[in-house]
Amino acid sequence: MPELPEVETIRLGLEERLLGALIKTIDLRDQKLTRGQVDLLTIRKFVENNYLVKFGRCGKYLLLFLSNGKILFWHLGMTGKFKISEKYEEIPHLRAYMETDKGYLLYSDIRRFGKVGILDNTSELRKGIDPLGDDYLYERINKLFTSSKAVKIFLLDQEKISGIGNIYADEILWKARMLPNRPTNSLSPDEVKRLFDIVPEVLKEAVKYRGTTISDYRDINFNRGEYSEKLKVYKMEGKPCNECQGIIKKIKLGGRSSYYCPDCQK
DNA sequence: ACGTAGTCCTGACGGC
DNA sequence: TGCCGTCAGGACTACG
């Protein structure tokens, strides 16, 4: 589930609670977590007895910077969440945990799509331009609008722009008054500029409200995200549009549900 | 290069 | 009540 705003909310929470903490132990009880990555013993070797010196984020990847220079990356998949607790707790679907001198970091993940690994450098991640990062620049983004693919598919492509998922793609396109299936290369310069501006606008607003909870997402204190109250189209099929009173429709695009207003999105 | 479908998982929900 | 199909914040692969 977690898209950029949820991961960023988690990052801020970790920074507040665990910055400078000493990692005593790490245990990954779900083998699947490290698929395609180094094994648990190697992760232990790199992680244990190190301090957490910085918390970062690249798109939907959460990055834990260690005092030995290594970076532990954590992707939360669809249902991954962290909880910070004073003591060890058997929370449902607990897949991993870390013991630090500032408390336990517990990781639960119902569907087990999450992924963990070690990096020497963030450039090793397959990712595109982060909409809240320094290299999110009009000139760079504009160059990507060349394919005939639907603009929503483009927004979801992590190797182009990273961090947008199914909820925010729909919300961004609604705000940009743009149909999700518009071919990317059919957008006028004005439309490209509008989209370029709206992407970080929506994501920043969602960070302000601490993300969106549909069902599973929780921040590190297990609180819900309040951007759910702000959603205009996602999961709103059959409801009137906030702007024009058109009726929100649902279609499939790239195998995923897409919600939009057929009246005000062109 | 593109679109579509299937895969990995678990759980919730609706219909019969 | 119980069974079954569908759907879900993500991402990867394989096919035509």
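In what follows, chains are A, B, ... by sequence order, proteins preceding strands, each numbered from 1.
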Study note, to complete from the structure: Shortest non-hydrogen pair, A:Ile167 vs A:Glu3, comes out as N-OE2, 2.9 Å
Review point. Taking CG from A:Leu94 and C1' from B:dC9, how many angstroms apart are they, rounded to a whole number?
Key: 17 Å
Practice item. Considering just the side-chain nitrogens and oxygens of A:His75, establish if one lies under 4.0 Å of OP1 or OP2 belonging to C:dA11. Key: yes
Practice item. Ignoring backbone atoms, test whether A:His93 places a side-chain nitrogen or oxygen under 4.0 Å from the OP1 or OP2 oxygen of B:dC9. Key: no
Exercise for review: Measure from NZ or CZ of A:Lys250 to the centre of the six-membered ring of A:Tyr259 and say whether it is under 6.0 Å with the direction within 45° of the ring axis.
Suggested key: no
Point to revise | Identified pairing partner of C:dG9, criterion: Watson-Crick or G-U wobble below 3.5 Å | key: none
Point to revise | Under-4.0 Å side-chain N/O to phosphate OP1/OP2 contact, A:Arg256 with C:dA11 | key: no
Practice item. May I ask whether A:Phe113 stacks on the base of C:dG10, given the cut-offs of 5.5 Å between ring centres and 30° between planes? Key: yes
Point to revise | Short side-chain N/O contact from A:Lys252 to OP1 or OP2 of C:dA8, under 4.0 Å | key: yes
Check your understanding: With a 4.0 Å cut-off on heavy atoms, is A:Tyr234 in touch with a base, just the backbone sugar-phosphate, or nothing at all?
Key -> sugar-phosphate
Practice item. Could you pick out which residue, A:Arg111 or A:Glu159, lies toward the 5' side of DNA chain C when each is mapped onto its nearest nucleotide? Key: A:Arg111
Practice item. Return the value, rounded to whole Å, for the distance between atom NZ of A:Lys149 and atom C1' of B:dT4. Key: 13 Å
Check your understanding: Closer than 4.0 Å, any side-chain N/O of A:Ser257 to the OP1 or OP2 of C:dA8?
Key -> yes
**Study point:** Side-chain H-bond candidate by donor/acceptor type, A:Ser85 with A:Glu89, under 3.5 Å
**Key:** yes
Review point. Can you check the A:Lys235 NZ to B:dA12 P distance for me, whole Å?
Key: 14 Å
Check your understanding: For A:Lys32, which contact category applies under a 4.0 Å heavy-atom criterion: base, sugar-phosphate, or nothing?
Key -> sugar-phosphate
Practice item. Please name the pair of heavy atoms, one in A:Lys160 and one in A:Lys149, separated by the smallest distance, quoted to 0.1 Å. Key: NZ-NZ, 4.4 Å
Review point. Would you call A:Asp170 and A:Lys152 a salt bridge, taking side-chain N to carboxylate O under 4.0 Å as the test?
Key: yes
Review point. For A:Lys60 and C:dA11, is the shortest distance between a side-chain N/O and OP1 or OP2 below 4.0 Å?
Key: yes
Point to revise | Which residue lies more 5' along DNA chain B, comparing A:Gly255 with A:Ser147 via nearest heavy atoms | key: A:Ser147
Point to revise | Separation of atom NZ in A:Lys81 from atom P in C:dG10, rounded to whole Å | key: 15 Å
Check your understanding: For A:Gln158 and C:dG10, is the shortest distance between a side-chain N/O and OP1 or OP2 below 4.0 Å?
Key -> no
**Study point:** Residue closer to the 5' end of DNA chain B, A:Ile110 versus A:Gly254 (nearest nucleotide)
**Key:** A:Gly254
